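Structure first, then comments.
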Amino acid sequence: MINAKPDLDLPGAATAVRTPSPAPRPAVASAAAALRKRFGQKNSKDIERGVAFCARVWNWVKSDDVAFVAFCEQHYHPPGKARAGLLRRLDEIVHLVGGSLHVIAKTTRAGMDIADGDLTPTEELFGAFSPGTHLDEDLRTFNIAALAQLNFGTDDLAPPKTRAGWAERRLSRVGRTVVPADLLAEASIRMAEVDRFVSGFNIHLDRIDYGDPSVRFPKDTVRISHWGLRDLMTSLNGQENALPRQRAIRDLMRAVVDGDLPREVIGNPKARWRRRDGVIEENGAEKAGTPSGALRWEQFQKAYDVQRRIDPHTLFGNIIDNKFKLDREIPEEKVVRILTDILSAPVAARVAQFVGQRLGRPLEPHDIYFKSFQAGAKKPPLGYDIRKRYPTAESLTRAIPGILVRLGFAKARAAWIGERIQVDNARSAGHAWGPGTVHDKARLRVRVDRGGVNEEEFGTFMHELGHCTEQVLTSYGMDYKALWGVPNTAFTEGFAFTFQDKADFILGRKTTIDPDVMVLQRFWEVFEITGPALTEIRFFHWLYANPRATAAEMQAAIRRIGDGVWNEFYARIFGAEGHGLMSVYSHILWCSFYLADYSMGYVIAYQVRKFLATRKFAPEMERLCALGCIYPESWMKAAVGESISAAPLLRDVETACRRVKGI
């Protein structure tokens, strides 16, 4: 565990696996003896393992020793043909049950996620409905958990040597923990509330008087906080009068972080806000605006409080360890080391010098979001109206096979993948939701404005198409259903970033790609997101050190921690004032502890891109996806022949800086 911030005494999270009280020894011994008598001493070690793990999940309150011994005798499948048959059967059933719940959730949440209709209170009610909240309890009640643990339960973390071994390892998690259904239901409700809050946190930039006549935005310029504001700010580079408007957007982001944004302007197209005096004008009347204060953190606190009550029922007892050890399966120490290696790299100053040359002015804090490395500060215009080419979500769905063909997939294969992806008009930011079962489709959500898709959103579409293509390739044809997917979300981000890079190519924009400049861009992308990622990690450690923190204290803490990260890593380039940019990310509000997956996704994506550079993209993506949900390090070594590391990127950016003129 890291001591997250040098001036904070933050205790490390618990590291031991949480197990229930030990089972009655006579019952365990009797069951093991009965199985050895029936299946022989050659299976003794496996029997001891299975009986011990079965005992951990057995209901000793409602059952006795005799029933436990009888269950073990009836349901132990020795290694070999019997165990292999059980593996296939349990794999099928567990997948169908869990996957069907995902399919149901797509339907119940459709009104929350898809912007084809009004977001009504009834849709919010449907969106919070989670019929799977009793699944953990049912796995125990019907002894499916006992069956899985008897035959597959293990604490072994050594990589298995066979595909069947990997499937067994994944099924060993079935029934290990039970979170009470009422807590899961409450968590679902809170998540739906955060969804609604973030989706509705839209700012009408054209309805704000910035006190500067040079700062104006076209009618109906509406952006969600924070990523919509960020992307608009970045897109202004190269345009006339860009800097005053960028500063105005940056100040809006600071106002979001500090709670200075008036509540009246959030998602309200009727209100006008006069920034110089804070007055709100609506329906001909004027009044002082009401600061939003800790409104964002009130939403977070509700979700976090439920997670803290869930903690004791989880394997490691806290969000931090469960995320790193169960979800990411990469030690926190390694992730933090990679993040700090990136942020502290001396080469960042040289890349910043290049960005300044592109912009033709001294850098300002918001230039951490700069993207126009190849084209300078201005991209050449398209030869057509992108909004007319992609006017609807349906038009994007139809375009997918052709896009995949241009990326190197055979026509028939591209059609097969495209048939399994559906694009929806997202109410919030873009996201991808993979298939739950072989009868389901991957759902790609992206915002489609009334006039059609703009270039910003097409870039988001390409990002999500990378996710969805991976989701299709890591599901329908996988040899074991327990291995659907990739090791963790950082890996799917790797594919998504790779697709997003190709947006200009797909749009037909003719650009000359300088490979050295592209390496600088790769570094700058991860350099930007890694600050917020480290801020989130330090913030969660602060939360566990301050369990009674109020929403206002959380707001102050993440601003303070974010400023600390800024001063430690970014002030050397941009100056001491960070405007709260480290703390603005809305992703944090879901309490999903996600941001490090973006940083790791960039690192992993770079290693994968570097490997693919001299190989055919589509066949290699298929090979990598076929590895499935194995351990991250095992995946990376099988995919590209090396461990997960920032070293390849840092070496290459040093080399690129030596070759790029003027820096």
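None of these values were measured; they are calculated from a predicted model.
- Ionic pairing of Asp113 and Arg427 is not present here: no N-O contact between side-chain nitrogen and carboxylate oxygen is shorter than 4.0 angstrom.
- With hydrogens and angles left out, the side-chain atoms of Thr290 and Glu264 include a donor and acceptor closer than 3.5 Å.
- Judged purely by distance below 3.5 Å, without hydrogens or angles, the side chains of His463 and Glu493 pair a donor atom with an acceptor atom.
- For the pair Lys106 (side chain) and Gly434 (backbone), a donor-acceptor distance under 3.5 Å is present.
- Taking the six-membered ring for Trp and the full ring otherwise, His431 and His467 have centroids separated by 6.0 Å or more.
- For the 3.5 Å distance criterion, the side chains of Asp212 and Ser214 qualify, holding a donor opposite an acceptor.
- Between Glu464 and Arg445 there is no salt bridge, since no side-chain nitrogen of the basic residue lies less than 4.0 Å from a carboxylate oxygen of the acidic one.
- Between Arg223 and Glu456 there is a salt bridge, with a side-chain nitrogen of the basic residue lying less than 4.0 Å from a carboxylate oxygen of the acidic one.
- Across Arg361, Gln246, Arg250, a single residue satisfies side chain to side chain donor-acceptor pair (under 3.5 Å) together with Asp367, and that is Arg361.
- Listed by chain and residue number, Lys371 satisfy the salt bridge (charged side-chain N to carboxylate O under 4.0 Å, His left out) test with Asp231 (two or more places apart in sequence, or in another chain).
- Closest non-hydrogen pair, Thr498 versus Ala605, comes out as OG1-CB, 4.4 Å.
- At a threshold of 4.0 Å, the pair Arg538-Glu568 counts as salt-bridged, since one of the basic side-chain nitrogens sits closer than that to a carboxylate oxygen.
- A salt bridge between Asp209 and Arg275 is absent, with no side-chain N of the basic residue lying under 4.0 Å from a carboxylate O of the acidic one.
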